[in-house]
Amino acid sequence: MPPWGAALALLLAALALLGLLAPRLRRAVGARTLPGPRGRDHEEEVDGRGAADEFSDGREPLPGGCRLICKPSALAQCLLSALRHSAALEPRPRSWLSGPHLQTLCHFVLPVGPGPELAREYLQLADDGLVALDWVVGPCPRGRRVTNAGGLPAVLLVIPNAWGRLTRNVLGLCLLALERGYYPVIFHRRGHHGCPLVSPRLQPFGDPSDLKEAVTYIRFRHPAAPLFAVSEGSGSALLLSYLGECGSSSYVTGAACISPVLRCREWFEAGLPWPYERGFLLHQKITLSRYASALQDTVDTHKLFRSRSLREFEETLFCHTKSFPISWDTYWDHNDPLRDVDEAAVPVLCICSADDPVCGPPDHFLPTELFHSNPYFFLLLSHHGGHCGFLRQEPLPAWSHEVILEYFRALTEFFRTEERMKGLSRRRASFLGGRRRWGTLQKREVSPSSHLEEIFSWKRSYTR
């Protein structure tokens with residue numbers, strides 16, 4: 001094991017110990033029992049109700065103590081109905097995996113395992129940089145279901161976390177999606193997960209320019225297939241930035257974010273609990289160490305690799321550049337994932353946990369006004385799950401994966417029903433209009449020139 005591997009293992013062992021001791025410490029301090037949804041009891045600390053209860057007063061209760069927070073709409077009712085019948089949300093007995101730190105560590109640390117079969121493509125960008133697309137091609141399960149009524153499998157674009165680590169949960173989602181009839185593809189940024197860094201330029205935290213070119217290429221390869229997108233953790237900033245900048249031209253039918261970091265600047269400035277801060281920082285330094293010589297003409301690599309926080313690392317890498325330095329404020333003006341959120345025209349489901357040890361309590365890291373006012377954004381808030389964990393007993397996949405695929409299926413059914421109703425309305429209007437025109441023609445004779453003029457004006461208004 002390399003030296004950095006031993007340090008990382010020691011750090012993760014400390015986190016695991018912290019996760020195991022947390023429930024005992026709560027019991028030692030004293031806890032009370034609060035009535036939960038459907039008569040179940042939830043154990044909370046003595047200083048008041050849990051964060052999920054305070055955050056979701058008056059919202060729609062769901063199985064497993066989850067809450068759906070959104071603006072009322074027809075789509076919200078459809079999603080609520082689907083989640084109420086979801087087997088993935090059904091409550092299960094508490095296990096040793098229930099602690100937030102263990103949920104998070106199992107997600108980030110445990111070996112990936114055999115995983116799916118991947119076929120890699122490198123996409124050369126407009127500035128000659130490279131990103132990688134890993135198409136999941138196997139193993140092909142028997143009895144694979146097709147998600148689209150037209151017979152073409154829907155493409156599922158998966159965006160990992162911003163640190164470039166491909167976690168076991170991401171691969172588990174890809175395997176489950178492949179089994180359900182999707183065609184998953186994983187997007188890797190410049191220099192991440194074996195993608196060569198051919199130019200001294202990395203992708204900023206919320207810059208979707210590379211993702212735009214990747215989506216354009218995916219649409220070129222699968223022009224008739226529906227496109228869905230899922231992001232994990234800090235990678236959600238990239239997906240939300242893309243949806244905001246592109247608006248209704250994003251080509252995406254529906255999107256989901258697992259434990260998204262929404263208030264990114266505050267998240268960097270406040271810092272993470274020290275074990276997670278050191279772990280994520282160490283992983284980034286290891287990833288970029290192989291490109292130290294290529295980056296030394298662009299950034300101060302000595303200062304970069306001596307950074308003591310994620311903020312210092314991000315600021316040195318993207319703000320204090322040698323060619324075009326910018327301020328921390330300017331950086332977030334261009335990289336805040338919610339800067340163009342009002343332009344997003346795609347339904348987005350955010351799955352978050354009240355005990356997330358990386359993002360913090362929901363009243364601090366979740367912008368409640370977004371979900372109350374924007375009809376495209378939905379928040380599924382659970383009591384437990386950690387950061388990107390949401391694990392169940394093996395060999396069951398994370399319940400968040402099941403919910404996401406059920407959400408995509410509900411979206412598909414909703415849009416199909418809407419199109420069917422619009423088609424019926426157009427046919428009915430055409431039929432009634434034809435009857436009215438026929439009655440008019442019986443009363444008066446219309447010249448051919450006026451008839452052509454009527455058709456021409458109809459075509460103009462149709463294409464306007």
Side-chain angles (χ1 to χ4, degrees), residues 88 107 112-123 131-148 150-162 164-189 192-195 210-211 213-233 235-236 238-239 242-243 250-260 346-349 351 388 390 395-412:
H107 163 66
V112 172
E117 300 172 17
L118 304 175
R120 170 159 291 196
E121 284 186 313
Y122 291 105
L123 180 63
V131 295
L133 295 174
D134 281 342
W135 296 89
V136 181
V137 296
C140 292
R142 295 181 180 179
R144 186 183 181 206
R145 288 174 278 177
V146 178
T147 56
N148 189 20
L152 291 173
V155 177
L156 180 63
L157 175 62
V158 181
I159 302 175
N161 55 72
R165 177 169 175 77
L166 194 59
T167 60
R168 58 187 279 115
N169 272 13
V170 166
L171 296 179
L173 173 61
C174 292
L175 286 172
L176 183 63
L178 187 68
E179 180 184 342
R180 300 291 173 86
Y182 293 84
Y183 194 8
V185 55
I186 306 172
F187 172 80
H188 297 289
R189 311 183 192 211
H192 284 187
H193 202 69
C195 180
D210 294 354
L211 184 60
E213 296 190 48
V215 171
T216 302
Y217 172 72
I218 293 172
R219 291 295 298 173
F220 171 77
R221 281 197 54 175
H222 302 275
L227 176 62
F228 296 94
V230 179
S231 59
E232 176 195 52
S236 300
L238 186 59
L239 176 58
Y242 168 77
L243 296 177
S250 65
Y251 300 116
V252 176
T253 303
C257 302
I258 305 174
S259 299
V346 173
V348 180
L349 175 66
I351 302 179
C388 301
F390 308 102
L396 294 174
W399 63 259
S400 58
H401 302 349
E402 296 272 4
V403 168
I404 286 172
L405 298 183
E406 290 175 1
Y407 157 69
F408 288 155
R409 184 170 64 250
L411 280 184
T412 304

Residue that, paired with H222, satisfies ring pair (Phe, Tyr, Trp, His ring centres under 6.0 Å) out of Y217, W135, F228: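 It is W135, the one option of Y217, W135, F228 that forms the ring pair (Phe, Tyr, Trp, His ring centres under 6.0 Å) with H222.
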Locate the shortest heavy-atom distance separating [X] from [Y]; write the atom from each residue and the value.
| X | Y | answer |
| --- | --- | --- |
| R189 | C195 | O-CB, 3.8 Å |
| A162 | H192 | O-CE1, 3.1 Å |
| G194 | Y122 | O-OH, 3.6 Å |
| V346 | A255 | CG1-N, 4.0 Å |
| V348 | L243 | CG2-CD1, 3.7 Å |
| G181 | P153 | O-CB, 3.2 Å |

Spacing of CZ belonging to R120 relative to CD1 belonging to I186, to within rounding of 0.5 Å: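 Going from CZ on R120 over to CD1 on I186, the span is 9.0 Å.
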CG-CG distance between L178 and L156, expressed to the nearest 0.5 angstrom: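 L178 CG to L156 CG: 10.5 Å, rounded to 0.5 Å.
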Heavy-atom side-chain contact between [X] and [Y] under 4.5 Å:
| X | Y | value |
| --- | --- | --- |
| P226 | T412 | no |
| L166 | H188 | yes |
| R165 | E232 | no |
| I159 | L211 | yes |

Heavy-atom donor-acceptor pair, [X] side chain to [Y] backbone, under 3.5 Å:
| X | Y | result |
| --- | --- | --- |
| D210 | A214 | no |
| R219 | A225 | yes |
| H401 | N169 | yes |
| Y182 | C174 | no |
| Y242 | S250 | yes |

N-O pairing of R180 and E406 below 4.0 Å: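 No salt bridge links R180 with E406.
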Residue that, paired with I258, satisfies side-chain contact (heavy atoms from CB on, under 4.5 Å) out of N161, I404, L349, V403: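 Single side-chain contact (heavy atoms from CB on, under 4.5 Å) partner of I258 among N161, I404, L349, V403: I404.
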Check against side-chain contact (heavy atoms from CB on, under 4.5 Å), C388 and T167: CA-CA 10 Å; C388 301; T167 60; over 6 Å; no
Verdict with supporting geometry, V158 and V136, side-chain contact (heavy atoms from CB on, under 4.5 Å): CA-CA 11 Å; V158 181; V136 181; over 6 Å; no
Residue pair F187, D134: steps toward the side-chain contact (heavy atoms from CB on, under 4.5 Å) verdict: CA-CA 7 Å; F187 172 80; D134 281 342; over 6 Å; no
Candidate pair W399 and I351, rule side-chain contact (heavy atoms from CB on, under 4.5 Å), full reasoning: CA-CA 11 Å; W399 63 259; I351 302 179; 4.2 Å; yes
